[in-house]
Protein chains: 2
Amino acid sequence: MTNRTKPATIKEIAQLLNISVSTVSRGLHDHPSIGLTTRQKIKKLAKELNYEPNQTAIFLQKGSTQTIGVILPELSEAFFSTAISAIEDTAYKRNYTVLLAQSHDDEQLEKQLVEKMKNHRVDGLLVSVGKSTSSYQHFERLKQYDIPIVFFDRIPAMPNIHYVACNMETGTVEAVSYLLKKGHRNIGMINGPSTIFASSERKGGYIKALAKNRLKFDPSLIVSCDLTEAGTRDAMDNLLSKKRKPTAIVTFNDYVALFAIKYAAELKLSIGKDLEFVSYANLPMINFMEKVPTASVEQFPYMQGQKAADILLDLLNNKQRGMPEQTAYYKIIIESQLVESRKPITHKTPKK
Amino acid sequence: MTNRTKPATIKEIAQLLNISVSTVSRGLHDHPSIGLTTRQKIKKLAKELNYEPNQTAIFLQKGSTQTIGVILPELSEAFFSTAISAIEDTAYKRNYTVLLAQSHDDEQLEKQLVEKMKNHRVDGLLVSVGKSTSSYQHFERLKQYDIPIVFFDRIPAMPNIHYVACNMETGTVEAVSYLLKKGHRNIGMINGPSTIFASSERKGGYIKALAKNRLKFDPSLIVSCDLTEAGTRDAMDNLLSKKRKPTAIVTFNDYVALFAIKYAAELKLSIGKDLEFVSYANLPMINFMEKVPTASVEQFPYMQGQKAADILLDLLNNKQRGMPEQTAYYKIIIESQLVESRKPITHKTPKK
DNA sequence: TTTCTTTGCGCAAACGTTTGCATAAACATC
DNA sequence: GATGTTTATGCAAACGTTTGCGCAAAGAAA
């Protein structure tokens with residue numbers, strides 16, 4: 001009986017029991033109009049045959065796949081991999097499955113993936129847009145098909161979208177205030193390219209923190225950087241060549257911080273004494289290192305992924321229940337938060 | 001024309017053109033029996049209507065979903081996230097999509113996921129089994145349904161399976177030989193729990209390297225460890241309390257190495273001088289750190305993922321082309337390889 | 001003109017479900 | 001015994017494709 005190569009179908013059960021397929025279907029779903037005895041017979045045989053409903057058939061019939069698509073720039077990056085982990089967890093809890101794809105920050109590829117997701121009839125989409133993506137029609141098109149999208153972390157400049165993102169300003173205010181409280185009065189900042197939104201948020205936070213403490217703002221203390229190791233060194237040279245050298249530096253992310261720290265060590269500067277660092281991301285690796293930024297602004301990748309998935313699934317739920325056209329858009333801002341090093345929050349300890 | 005909420009179907013095209021659905025279907029597939037003019041008309045209208053085939057219907061019809069399932073213990077771990085990145089890349093290239101799930105090393109969950117994947121009618125499965133998984137019927141069952149599985153990295157103790165894994169012995173031999181060549185004669189090893197296969201492979205490599213150099217083997221230099229930070233410290237205490245202290249240590253993985261290095265630093269031992277470390281994994285974080293193992297045994301997660309996916313897709317290809325029942329099983333062993341630090345191989349530089 | 005081949009297209013079944021509607025039997029009501 | 005109600009089941013359409021087979025029209029060969 002278990003030696004069959006093809007999965008059992010409702011039809012077979014019906015034939016074997018000499019009843020109709022509709023009865024079997026209803027029986028399996030505990031439809032009240034099916035008699036107790038038949039229902040039991042059906043379930044018994046279904047179990048014996050190891051019957052499992054063919055989802056693809058159900059998908060077609062219901063027009064819904066119980067599947068959400070996820071498009072991310074790069075799966076192997078720590079931020080995204082913990083986000084996807086969160087997404088998968090919450091999707092699983094709510095009985096959805098995750099279709100995964102990575103865009104490698106390539107706009108063309110991203111477009112293709114969106115199409116592919118649409119053809120696979122995902123019920124909804126979660127996306128963090130590629131760095132270089134500049135046009136957003138491929139997302140617009142999905143709206144016409146009534147496939148909701150929730151963006152997270154990297155948000156496109158589009159009106160009327162759902163998203164969850166992290167407010168970098170709060171964290172930056174905290175970071176700078178933290179350094180001010182420690183007595184630093186010359187605080188440098190190695191910022192990202194001015195083209196990206198996150199950079200201006202950080203700059204805003206920096207200025208706000210100074211204003212809050214009634215200190216004057218020296219624009220030359222903020223330098224841009226392309227986030228490479230070489231760029232970081234240039235930025236450091238730039239900052240360290242000032243008459244009044246900074247005694248602390250806020251860096252755009254942990255990688256930049258580590259590049260900078262490495263360079264500072266080469267210059268025989270004592271990390272934490274001559275020069276103190278505060279950064280963003282709170283990468284798990286920080287826990288294993290000796291010379292690290294004394295604090296880092298946590299962006300809560302797990303929470304971002306979780307929230308985004310929850311929102312998407314709520315949207316799908318409402319749609320399916322025939323709720324009124326939602327006219328409101330979810331715009332969730334997670335406040336970033338300064339975390340002193342060696343106190344990880346969201347990252348789990350590696351088990352491998 | 002573009003203001004429709006439901007995707008266009010073949011049926012609509014047929015109606016609008018006053019021809020039959022079969023003609024439309026064939027026309028879109030360039031079937032030779034369809035006239036040139038009709039074919040053009042069909043394609044033109046299809047384009048105008050933004051027609052895209054409904055994959056769920058095709059799935060049902062063809063009995064194949066062009067989808068592979070991937071079950072991993074933990075998506076957020078570096079090894080797995082780069083493996084999944086590789087899998088996604090190669091699946092994409094061969095026009096497959098990836099359905100993702102994580103087992104969190106939970107046997108029950110893993111079983112459920114396998115069922116779910118089956119119901120979603122994935123064409124094949126890629127899995128790295130959970131640490132605690134001890135029974136394998138859930139995998140056996142899939143065979144009955146003719147859904148091929150390729151295991152990778154963590155291989156279950158089952159006969160007749162396809163897998164790709166990394167041979168840790170070679171790398172270990174290299175690692176120990178490397179240290180011997182550097183003049184070390186007292187080499188310690190912090191190994192993993194003796195229950196797991198990878199531990200015995202490492203031990204075997206250690207012994208082999210000594211034998212090769214005609215040196216005698218002191219079993220007390222190999223200590224087990226539960227891979228936690230505390231366990232690592234115990235192991236270190238154990239090793240350092242010997243009369244003839246080791247001057248170099250091979251650790252089970254990079255995490256253990258870093259715990260050990262941290263501890264050694266606390267003990268005022270100079271890393272690389274008093275005590276040299278060699279490890280496994282070659283985590284990307286190594287590139288950012290100052291005190292690191294001088295070398296690490298690379299396990300090529302990207303390549304493992306890629307190979308595993310390639311094998312699975314080959315299997316699917318052959319099946320679909322009606323090749324004879326394959327009686328042979330792929331057993332791919334990737335040789336691990338010692339890599340001196342600061343020379344990453346497979347890991348891409350983070351872009352975020 | 002008749003017969004044969006080619007070319008171009010439609011019919012209908014199939015994939016495995018779900019579900020609105022109809023129907024038959026059994027029972028209760030007066 | 002006629003009517004109404006409940007209970008249990010079946011019929012058939014629908015979801016959007018693909019594909020084997022049949023059939024008509026057009027051309028070629030006789």
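Note: hydrogens, waters and symmetry copies are ignored here, and every other heavy atom, side chains too, is used. Just so we're on the same page: letters track the sequence lines, and every chain starts at 1.
- Atom P of nucleotide D:dA14 and atom CG of B:Asn54 are separated by 17 Å, given to the nearest angstrom.
- Phosphate contact (OP1/OP2 of D:dG16, side-chain N/O of B:Thr9, threshold under 4.0 Å): absent.
- Phosphate proximity of C:dC15 to A:Lys11: present, with a side-chain N or O under 4.0 Å from OP1 or OP2.
- Here B:Gly35 lies in heavy-atom contact (under 4.0 Å) with sugar-phosphate atoms only.
- Each of B:Ile34 and B:Ala57 has a nearest nucleotide on DNA chain C; the 5'-most of these lies closest to B:Ile34.
- Distance from the side chain of A:Ser20 is smallest to D:dG10 among D:dT17, D:dG10, C:dT18.
- Judged by atom type and distance alone, B:Ser22 does not reach the base of C:dC9 through any side-chain donor-acceptor pair under 3.5 Å.
- As a whole-Å value, the separation of A:Ile58 CD1 from C:dT19 P is 10 Å.
- Straight-line distance from the CG atom of A:Asp30 to the P atom of D:dT9: 14 Å, rounded to whole Å.
- The residues B:Arg94 and B:Asp314 are annotated as salt-bridged, a charged nitrogen and a carboxylate oxygen being separated by less than 4.0 angstrom.
- Straight-line distance from the CG atom of A:Asn18 to the C1' atom of D:dT9: 13 Å, rounded to whole Å.
- B:Leu60 comes within 4.0 angstrom of a nucleotide base, judged by non-hydrogen atoms across all strands.
- Computed from coordinates, the B:Gln61 CD to D:dA14 C1' distance equals 16 Å when rounded to whole Å.
- In this structure, CZ of B:Arg26 is placed 8 Å from C1' of D:dT18, rounded to the nearest angstrom.
- Relative to the side chain of B:Thr38, the nucleotides C:dC9, D:dT9, C:dG10 differ in distance, and C:dC9 lies closest.
- The six-membered or imidazole ring of B:Phe139 lies near that of B:Phe151, with a centre-to-centre distance under 6.0 Å.
- A:Thr56 comes within 4.0 angstrom of no nucleic acid atom, judged by non-hydrogen atoms across all strands.
- Put simply, CD on B:Gln55 is 15 Å from C1' on C:dC15, counting in whole angstrom units.
- Each of A:His31 and B:Ile10 was matched to the nucleotide of DNA chain D holding its nearest heavy atom; the match closer to the 5' end belongs to A:His31.
- The 5' end of DNA chain D is approached more closely, in terms of each residue's nearest nucleotide, by A:Ser33 than by the other of A:Ser33 and A:Val21.
- Using modelled atom types and a 3.5 Å distance limit, the side chains of A:Thr97 and B:His120 yield a donor-acceptor pair.
- Taking atom CD of A:Gln40 as the reference point, atom P of D:dT9 lies 12 Å away to the nearest angstrom.
- Between the B:Asp123 side chain and the B:Thr65 main chain, a donor and an acceptor come within less than 3.5 Å of each other.
- By the neighbour-count criterion of 12 heavy atoms within 6.0 Å, atom NZ of A:Lys118 is densely surrounded, having more than that number from other residues, nucleotides or ligands.
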